[in-house]
Amino acid sequence: MIIGGSGFVSGTLARMAVARGHEVTVITRGQRPAPSGVEVVTVDRNDRQEFANRIASLRTDWDLVVDAIPYTPDDARQDVEAFAGRTGRLVFISTDFVYDPKERKIPQSEHDAVFTTDGYGGQKRLAEIVLEETARETLPWTILRPSHIYGPGSLPGCLPLHGRDPVLVESIRQGLPLQLVGGGRFLQHPIFAPDLAEVILSAAGQTTADGTFNVAGPDVLESRAYYQVLGRLLGREVMIEEVPVAGFLEEHPEKAPFCCDRSYDLSALKGSRLYLPATSLENGLRIQQGITG
């Protein structure tokens, strides 16, 4: 069961699960086409009572439930109420934005952390706390905190002013300079979306999946290197213009989670039986852009 199923990460997960012969149900609002081969339950999770009614009406239990689109503590409470006793494991997709951008360590571990209380990351952290207060005997749960996610179905770019940029590839091909906050010197620890899906699928039936895990790929590199790798794949040299950090954040304080080092300790993931992401940034970007040879 995937709450989501038609988005970037959830769609990648659904297609991989179907390809491996799993019976897959997705819960979606029906605003985008669902992947082929899935059973679709069309309901808006924000209609709390209707969501509860629809889940209760499904006369099945699930080996794995994945909440790919939780944003608030109410979403986490909804998961507990709907799926306790009905799944072998709930995988809850959180974010590395739960870490306070001003207080990050290099690398940052899951528990030796200062957590943000603001915005998107703050709401995700409150949602995590709901699960942390839920007995695993009632609902076995796994929280995943992915870093920057990229891959087929997403736009390239990891840093303002060229994050998820629809014209990034064309800009590089035309030799236009890229304006990167801090000159692109912040560390990135990206993860290829199919690798994230592998981690999620590997959680089914795993008692070692209990707890919270940073999830990232094998490469830690400066943001500027991300763009330089993409440029090399495109056969172009990338020119970079530095945008001062202080001035940018004064005008765009909500972008602070992007303008910090994002490097993560993966010891907990490595110590579990969960899949360990292995796709290099270069190979992942090659696949994302459909570049062969």
A.B. asks: Please check if the side chain of Q206 supplies one atom and the backbone of D210 the other of a donor-acceptor pair under 3.5 Å.
C.D. replies: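 No, Q206 side chain to D210 backbone: no donor-acceptor pair under 3.5 Å.
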
A.B. asks: Report yes if some heavy atom in the side chain of V130 is under 4.5 Å from a heavy atom in the side chain of F92; otherwise report no.
C.D. replies: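 Side-chain contact under 4.5 Å: no.
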
A.B. asks: For residues D74 and R48, report the shortest heavy-atom separation together with the two atoms involved.
C.D. replies: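 In this case the closest contact between D74 and R48 is CB-NH2, 3.6 Å.
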
A.B. asks: On a heavy-atom basis, which atom in G5 and which in A14 lie closest, and how many Å separate them?
C.D. replies: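 Smallest heavy-atom distance, with atoms named: O-CB, 4.2 Å.
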
A.B. asks: Does the side chain of V238 come within less than 4.5 Å of L230's, by heavy atoms?
C.D. replies: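 The answer is no, as the side chains (C-beta and beyond) never meet within the 4.5 Å cut-off.
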
A.B. asks: Using a strict threshold of under 4.0 Å (side-chain N to carboxylate O), is an ion pair present between K124 and E128?
C.D. replies: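 Salt bridge between E128 and K124, a charged N being under 4.0 Å from a carboxylate O: no.
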
A.B. asks: Without swapping roles, check the side chain of T87 against the backbone of L90 for a donor-acceptor pair under 3.5 Å.
C.D. replies: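 Side chain of T87 to backbone of L90, a donor-acceptor pair under 3.5 Å: no, none is there.
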
A.B. asks: Under 3.5 Å, is there a donor-acceptor pair linking the side chains of R145 and Y264?
C.D. replies: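 Checked: R145/Y264 side chains show no N/O donor-acceptor pair below 3.5 Å.
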
A.B. asks: Is there a path of hydrophobic side-chain contacts, each under 4.5 Å between heavy atoms, that joins Y99 and L249?
C.D. replies: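 Result: no, two separate clusters.
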
A.B. asks: Hey, could you give me the CG/NE2 distance between D219 and H189, rounded to the nearest 0.5 Å?
C.D. replies: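 That separation rounds to 7.5 Å.
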
A.B. asks: Please find the pair of heavy atoms, one from E282 and one from V229, that lie closest to each other, and give the distance.
C.D. replies: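 So the two residues come closest at CA-CG1, 3.8 Å.
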
A.B. asks: Begin from the C-alpha positions of L144 and L196 and carry the test side chain to side chain contact (heavy atoms under 4.5 Å, CB included) through to its verdict.
C.D. replies: CA-CA 9 Å; L144 299 181; L196 177 56; 4.3 Å; yes

A.B. asks: Is there side-chain contact between L180 and E222, with at least one heavy-atom pair below 4.5 Å?
C.D. replies: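 No, side chains not in contact.
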
A.B. asks: Do I93 and P146 touch side chain to side chain, with heavy atoms closer than 4.5 Å?
C.D. replies: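 Result yes, sub-4.5 Å side-chain heavy-atom pair found.
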
A.B. asks: Any link between I200 and F192 through a network of hydrophobic side chains (Ile, Leu, Val, Met, Phe, Trp, Tyr) touching at under 4.5 Å?
C.D. replies: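 I200 and F192: separate clusters.
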
A.B. asks: Do any N or O atoms from the side chain of K102 and from the backbone of C260 form a donor-acceptor pair under 3.5 angstrom?
C.D. replies: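 Not a single qualifying donor-acceptor pair exists.
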
A.B. asks: Measuring from I27:CD1 to L58:CG, what's the distance to the nearest 0.5 Å?
C.D. replies: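 Answer rounded to 0.5 Å: 7.5 Å.
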
A.B. asks: Between F51 and F83, what is the ring plane arrangement, given parallel below 30°, perpendicular above 60°, and tilted in between?
C.D. replies: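 The rings of F51 and F83 stand perpendicular, inter-plane angle above 60°.
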
A.B. asks: Less than 4.5 Å apart, any side-chain heavy atom of I3 and any of D75?
C.D. replies: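 With C-beta onward as the side chain, the pair stays apart.
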
A.B. asks: For E241 and P177, work out which heavy atoms get closest and say how close.
C.D. replies: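 Distance-wise, the nearest heavy atoms are OE2-CG, 3.4 Å.
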
A.B. asks: Using only atom types and a distance under 3.5 Å, with no angle test, would you say the side chain of S272 pairs donor to acceptor with the backbone of T208?
C.D. replies: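 Absent.
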
A.B. asks: Any donor-acceptor pair under 3.5 Å linking the side chain of Y226 with the backbone of G157?
C.D. replies: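 At least one qualifying donor-acceptor pair exists.
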
A.B. asks: If you count heavy atoms of other groups shown closer than 6.0 angstrom to CD of E250, is the number above 12?
C.D. replies: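 At most 12 heavy atoms, drawn from other residues, nucleotides or ligands, come within 6.0 Å of this atom.
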
A.B. asks: Look up atom CG in L155 and atom CZ in F8, then write down how far apart they are to the nearest 0.5 Å.
C.D. replies: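 Between atom CG of L155 and atom CZ of F8 there are 9.5 Å.
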
A.B. asks: Between F258 and F186, is there shared hydrophobic-cluster membership here, with clusters defined by ILVMFWY side-chain heavy atoms closer than 4.5 Å?
C.D. replies: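 They do not share one cluster, since no chain of ILVMFWY contacts under 4.5 Å joins F258 to F186.
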
A.B. asks: Can you say whether the rings of F248 and H252 are parallel (under 30°), tilted (30 to 60°) or perpendicular (over 60°)?
C.D. replies: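 Plane angle between 30° and 60°, so tilted.
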
A.B. asks: Can you confirm whether more than 12 heavy atoms, excluding those of E23, are under 6.0 Å from its CD atom?
C.D. replies: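 No, because the 6.0 Å sphere around CD of E23 holds 12 heavy atoms or fewer from other groups.
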
A.B. asks: Mind checking the CG-CG spacing from L276 to L266? Nearest 0.5 Å is all I need.
C.D. replies: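 Answer rounded to 0.5 Å: 7.0 Å.
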
A.B. asks: May I ask you to test the P257-D96 pair for a side-chain heavy-atom distance under 4.5 Å?
C.D. replies: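 Answer no - side chains too far apart.
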
A.B. asks: Going by atom types alone, do D165 and Y227 pair a side-chain donor with an acceptor below 3.5 Å?
C.D. replies: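 Y227 and D165 do not have a side-chain donor-acceptor pair below 3.5 Å.
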
A.B. asks: Give a yes or no answer on whether the side chain of Q188 reaches the backbone of S223 with a donor-acceptor pair at less than 3.5 Å.
C.D. replies: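 Flag not set: sc Q188 to bb S223 has no pair under 3.5 Å.
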
A.B. asks: Tell me if a side-chain donor or acceptor on T142 pairs with a main-chain N or O of A209 at a distance below 3.5 Å.
C.D. replies: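 Such a contact is found between T142 side chain and A209 backbone.
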
A.B. asks: Flag the pair V26 / S6 as yes when at least one side-chain heavy-atom distance between them is below 4.5 Å, and no otherwise.
C.D. replies: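 In short, these two side chains do not touch, never coming nearer than 4.5 Å.
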
A.B. asks: W141 ring centre to R136 NZ or CZ under 6.0 Å, with the angle to the axis within 45°?
C.D. replies: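 Ring-cation test returns yes.
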
A.B. asks: Just how far is it from atom CZ of R104 to atom CG of D261, taken to the nearest 0.5 Å?
C.D. replies: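 Spacing of CZ (R104) from CG (D261) equals 9.0 Å.
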
A.B. asks: For the residue pair D265 / S267, report whether a side-chain donor-acceptor contact shorter than 3.5 Å exists.
C.D. replies: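 There is such a pair between these side chains.
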
A.B. asks: Minimum heavy-atom separation for R224 to I240, with atom names?
C.D. replies: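 Shortest heavy-atom contact: CB-CD1, 3.6 Å.
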
A.B. asks: Do N46 and R29 come within less than 4.5 Å of each other through their side chains, counting heavy atoms only?
C.D. replies: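 They are not in contact (no side-chain heavy atoms under 4.5 Å apart), so the answer is no.
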
A.B. asks: Are more than 12 heavy atoms, taken from residues, nucleotides or ligands other than D63, located less than 6.0 Å from that residue's CG atom?
C.D. replies: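 12 or below, so no.
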
A.B. asks: Taking S154 for the side chain and Y150 for the main chain, is one N or O donor matched with an acceptor at less than 3.5 Å?
C.D. replies: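 Pair absent, no side-chain N/O of S154 close to backbone of Y150.
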
A.B. asks: Under the side chain to side chain contact (heavy atoms under 4.5 Å, CB included) criterion, do Q108 and V114 qualify, and how do the steps go?
C.D. replies: CA-CA 10 Å; Q108 177 64 64; V114 177; over 6 Å; no

A.B. asks: Linking I/L/V/M/F/W/Y whenever any side-chain heavy atoms sit under 4.5 Å apart, do L161 and L168 land together?
C.D. replies: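 In one cluster with L161: L168, yes.
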
A.B. asks: Shared ILVMFWY cluster between L234 and L281, side chains joined below 4.5 angstrom?
C.D. replies: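 As far as the 4.5 Å side-chain criterion goes, L281 and L234 are connected within one cluster.
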
A.B. asks: Give the intermediate values and the outcome of side chain to side chain contact (heavy atoms under 4.5 Å, CB included) for residues V18 and V38.
C.D. replies: CA-CA 7 Å; V18 168; V38 305; 3.6 Å; yes

A.B. asks: Between R86 and I55 (side chain of the first, backbone of the second, donor and acceptor by atom type, cut-off under 3.5 Å), is there such a pair?
C.D. replies: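 Side chain of R86 to backbone of I55: a pair is present.
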
A.B. asks: Atom CD of residue position E237 - does it have more than 12 heavy atoms of other residues, nucleotides or ligands inside 6.0 Å?
C.D. replies: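 Atom CD in E237 is not crowded, with 12 or fewer foreign heavy atoms closer than 6.0 Å.
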
A.B. asks: Could you go step by step and tell me if L126 and T72 meet the side chain to side chain contact (heavy atoms under 4.5 Å, CB included) rule?
C.D. replies: CA-CA 7 Å; L126 291 175; T72 69; over 6 Å; no

A.B. asks: Restricting to non-hydrogen atoms, name the atom on A197 and the atom on M16 that form the minimum distance, rounded to 0.1 Å.
C.D. replies: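 That would be CB-SD, 3.5 Å.
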
A.B. asks: Return the CD to OG1 distance between Q123 and T116, rounded to the nearest 0.5 Å.
C.D. replies: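 Here the rounded value is 10.5 Å.
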
A.B. asks: Under 4.0 Å between a Lys/Arg side-chain N and an Asp/Glu carboxylate O for R77 and E133?
C.D. replies: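 Looking at E133 together with R77, the answer is no, because their closest N to O distance does not fall below 4.0 Å.
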
A.B. asks: I'd like to know if the side chain of S10 reaches the main chain of G4, judged simply by a donor and an acceptor atom lying under 3.5 Å from each other, with no hydrogens or angles considered.
C.D. replies: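 Not at all, since once roles are kept as given, no pair shorter than 3.5 Å links the two residues.
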
